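Single-structure report; data block below.
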Number of protein chains: 2
Amino acid sequence: MATASRVFGKPAMVGPDTTAKVRNAAAALGYVANPTARALATGSSGLLGLIVPDLSSPYFATLISAIQTEIEGRGFELIVSDSRGVPETEHEIVQRLQGRVDGLILASPRNTDSVLISIARRLPIVTVNRELPGIDSVSIDVSDGLADLCRFLLDHGHQRIAYIGGPPGSLADDGRFQSVEAAMEAGNGTALRIGPVQPNAQAGAETLSAIQLSNVSAVIAYNALVAHGLMLAAVSEGLNVPRDLTVTAVDDLIDIGLSLPTVTAITQPMTEVGQKSAGIILALISGSHEELQQRPPHQAQHLVLSASLSVNKS
Amino acid sequence: MATASRVFGKPAMVGPDTTAKVRNAAAALGYVANPTARALATGSSGLLGLIVPDLSSPYFATLISAIQTEIEGRGFELIVSDSRGVPETEHEIVQRLQGRVDGLILASPRNTDSVLISIARRLPIVTVNRELPGIDSVSIDVSDGLADLCRFLLDHGHQRIAYIGGPPGSLADDGRFQSVEAAMEAGNGTALRIGPVQPNAQAGAETLSAIQLSNVSAVIAYNALVAHGLMLAAVSEGLNVPRDLTVTAVDDLIDIGLSLPTVTAITQPMTEVGQKSAGIILALISGSHEELQQRPPHQAQHLVLSASLSVNKS
DNA sequence: TTGTACGCGTTATCAT
DNA sequence: ATGATAACGCGTACAA
């Protein structure tokens with residue numbers, strides 16, 4: 001019985017012939033190790049949790065895909081959950097998953113710093129697009145990409161542009177507007193702020209009237225969905241995009257092969273973000289005894305990947 | 001100890017005052033029930049598995065979102081995995097998840113009928129877009145939508161069209177081409193078959209030369225990604241879409257608010273598919289003792305939802 | 001190298 | 001209504 005356990009757990013500690021016998025017997029009986037019992041005995045479940053604000057978004061679909069690919073073969077499975085961008089819901093999910101998973105990846109978390117820090121005390125976590133003291137994270141820096149984008153727009157004669165922000169409650173939103181505003185003003189331009197709005201095409205379409213009233217020639221949207229919705233609305237109103245209105249976005253759908261025409265976007269390396277965050281959480285779990293406990297809180301690592309400008313010809 | 005268990009499991013079987021005492025003690029000690037131990041004792045994990053051919057596809061992102069929403073609050077978590085469309089990988093994932101989950105949803109499975117049926121003998125499963133004897137399923141019927149689409153194209157003067165199929169190994173592909181062929185011939189038109197190709201924009205773009213050689217005026221693509229890739233390629237070659245080439249697709253991105261301009265598409269009710277399949281698998285798990293065992297294999301239910309034509313104005 | 005016995009934290013059975 | 005105890009299936013000291 002113990003030998004059987006070792007054959008699957010520590011193959012090195014058992015004789016070759018015995019191993020063969022056990023494996024044959026296992027195959028004959030259709031035996032498969034019970035992960036639940038193993039989890040109870042070892043204290044770790046082989047489960048990782050991922051919480052995102054919107055499961056249906058292609059932005060996070062790419063992230064999920066990358067994380068799942070990364071942990072596959074390392075003996076881990078991925079549990080996904082959707083917080084709908086609500087801080088309370090996000091926290092409830094953490095409670096549910098607590099004790100069920102070995103670690104948690106929080107993508108674009110909506111909770112306050114203190115809540116997140118208290119979560120990190122109970123469970124290994126990695127945050128995506130949110131940097132906090134003592135918590136490992138992977139973020140994408142869009143400020144350079146935004147500055148590039150603003151210069152690109154200024155070069156093409158757009159002095160007065162609008163920034164459509166969103167979603168409500170997103171800390172990234174403020175930072176993005178500030179980047180845009182600074183870059184525009186550095187080029188003697190102006191950036192108007194519209195929103196925040198929900199990050200979907202419908203909400204983007206609904207900003208059209210405000211855009212038209214504001215008399216801008218170009219728009220930078222929070223993400224490609226918003227941009228696309230706005231573009232569709234503009235086109236169906238008879239506007240020529242990009243001649244009458246240039247639509248650009250921070251986010252993009254390039255990962256799924258959907259680089260939108262007439263929309264210049266900023267590429268975010270979501271696959272790499274997924275790989276990095278998965279790698280970190282696995283390292284945290286494995287080395288939790290040595291590293292995690294000893295390492296002073298302020299030594300958490302923050303990986304920052306850069307977004308880059310992707311210019312469409314049209 | 002047993003009483004504490006009952007307070008959380010069957011609150012009705014314990015006195016009000018005792019309940020209060022236990023709850024207070026639990027709160028004071030920060031006690032949370034251990035899901036793993038509970039799973040070992042009860043035999044069910046509260047985990048559901050979902051296997052898709054491509055996690056990064058927005059098509060499945062919508063499905064994931066719907067399933068997760070449906071099982072949330074019913075005490076279940078969702079484990080997602082990506083088979084990359086490879087039958088062997090799909091089967092390996094099933095083996096891994098076997099014993100870990102209480103039930104499995106197989107979306108667009110690539111395995112043979114017999115393999116799927118043998119899986120169903122060991123584990124409650126529901127298939128999506130695949131109907132097999134004895135296995136509950138939820139499918140989308142696109143044949144009516146395709147017939148509508150063909151008539152729409154014929155009405156607009158397209159006698160000769162191309163169907164771009166894919167992905168390789170998809171049974172749905174054959175059925176779709178047959179629907180298209182039948183509908184076109186019924187209107188004295190012709191349907192040429194191109195592919196199969198991978199269901200992404202890149203592959204769609206690569207079909208352009210074949211399309212141009214085939215001298216067709218309209219195209220029906222396997223999904224919106226393929227259609228979009230083709231459209232981008234056509235536009236960048238100087239073609240006017242839809243004047244020079246009308247691009248349509250079976251699949252669509254309407255669920256995420258991305259109804260593509262110049263692409264007339266067939267709407268698939270993915271959210272409803274997710275709800276239905278989740279509901280069925282939960283019912284199977286709950287009533288597995290009475291229903292599942294007794295019910296003759298051929299009485300499995302097959303829910304078939306209809307896809308509908310969505311015509312864009314442009 | 002292999003076998004024995006205990007513990008992981010909970011639920012279910014039985015008795016009270 | 002409540003309390004004691006045996007499983008659930010595995011990993012792991014410990015002994016052989």
Side-chain angles (χ1 to χ4, degrees), chain A residues 1-47 49 74-77 79 95-103 122-124 285-286 288-289, chain B residues 1-47 49 74-77 79 95-103 122-124 285-290:
Chain A
M1 181 162 248
T3 304
S5 172
R6 282 185 277 252
V7 168
F8 297 97
K10 336 233 179 212
M13 284 179 62
V14 63
D17 48 344
T18 319
T19 302
K21 266 198 279 189
V22 173
R23 288 210 176 281
N24 287 339
L29 275 66
Y31 170 87
V32 242
N34 184 326
T36 306
R38 175 176 299 192
L40 186 58
T42 60
S44 60
S45 60
L47 258 34
R74 301 246 244 146
F76 282 83
E77 303 297 338
I79 295 181
Q95 308 278 35
R96 289 206 321 253
L97 260 36
Q98 154 115 347
R100 201 181 247 294
V101 300
D102 295 338
R122 291 173 280 150
L123 191 66
I285 293 169
S286 311
S288 59
H289 298 296
Chain B
M1 179 164 252
T3 303
S5 172
R6 281 185 280 250
V7 168
F8 297 98
K10 341 232 177 210
M13 285 179 61
V14 63
D17 46 346
T18 319
T19 302
K21 266 197 281 189
V22 172
R23 288 208 176 280
N24 287 339
L29 275 66
Y31 169 88
V32 246
N34 183 326
T36 306
R38 174 174 299 190
L40 185 59
T42 59
S44 61
S45 61
L47 258 33
R74 301 244 245 147
F76 282 83
E77 303 298 337
I79 293 181
Q95 308 279 36
R96 289 206 320 253
L97 260 36
Q98 154 115 344
R100 204 183 244 299
V101 299
D102 295 337
R122 290 173 282 152
L123 191 67
I285 293 170
S286 310
S288 58
H289 298 296
E290 313 92 61

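Note on naming: letters A, B, ... go to the chains in the order of the sequence lines (proteins, then strands), and numbering restarts at 1 for each one. This structure is a prediction, so every number in the text was calculated from the model and none was measured.
- If you take CG on A:N24 and CG on A:L29, they are separated by 11.0 Å, rounding to the nearest 0.5 Å.
- Taking all atoms of both residues into account, the shortest heavy-atom contact from B:G99 to A:P35 is O-CD, 3.9 Å.
- Residues A:V7 and A:R23 have side chains in contact (heavy-atom distance under 4.5 Å, counting atoms from C-beta outward).
- The closest side-chain heavy-atom distance from B:L97 to B:L123 is not below 4.5 Å.
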Polar atoms only, N or O, under 3.5 Å: list the protein pairs with nucleotides 13-15 of chain D and their distances.
none

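- To the nearest 0.5 angstrom, B:R38 atom CZ is 13.5 Å from A:T36 atom OG1.
- Taking every heavy atom of residues 7-32 of chain B and every atom of DNA chain C, pairs under 4.0 Å involve B:K10, B:Y31, B:V32, by number.
- Residue pairs satisfying the ring pair (Phe, Tyr, Trp, His ring centres under 6.0 Å) criterion with at least one member in residues 3-46 of chain A, sequence neighbours excluded, are listed as follows: A:F8-A:Y31.
- Here B:I285 contributes atom CD1 and B:F76 contributes atom CZ; the two are 4.5 Å apart, rounded to the nearest 0.5 Å.
- Terminal axes of the helix from C:dT1-D:dA16 to C:dT16-D:dA1 (five pairs each, C1' rotation axis) are separated by 40°, to the nearest 10°.
- If you check residues 34-42 of chain A against DNA chain D, the residues with a heavy atom closer than 4.0 Å are A:N34, A:A37, A:R38, A:A41, A:T42, listed by number.
- Panel note: side chain B:S45, backbone B:A39; no donor-acceptor pair is recorded below 3.5 Å.
- With sequence neighbours excluded, the residues forming a salt bridge (charged side-chain N to carboxylate O under 4.0 Å, His left out) with A:R96 are B:E72, B:E77, listed by chain and number.
- Residue A:T3 places at least one side-chain N or O under 4.0 Å from the OP1 or OP2 atom of C:dG3.
- Taking the side chain as every heavy atom from C-beta outward, B:V22 and B:R6 never approach each other to under 4.5 Å.
- Between B:M1 atom CE and C:dA15 atom P there is a gap of 21 Å when expressed in whole angstrom units.
- Side-chain contact check for A:Q95 versus B:V32: every heavy-atom pair is 4.5 Å or farther apart.
- For the OP1/OP2 pair of C:dT10 and a distance below 4.0 Å, the side-chain nitrogens and oxygens of B:S5 include no atom meeting the criterion.
- Here the shortest heavy-atom pairing between B:A37 and A:L40 reads CB-CD1, 3.7 Å.
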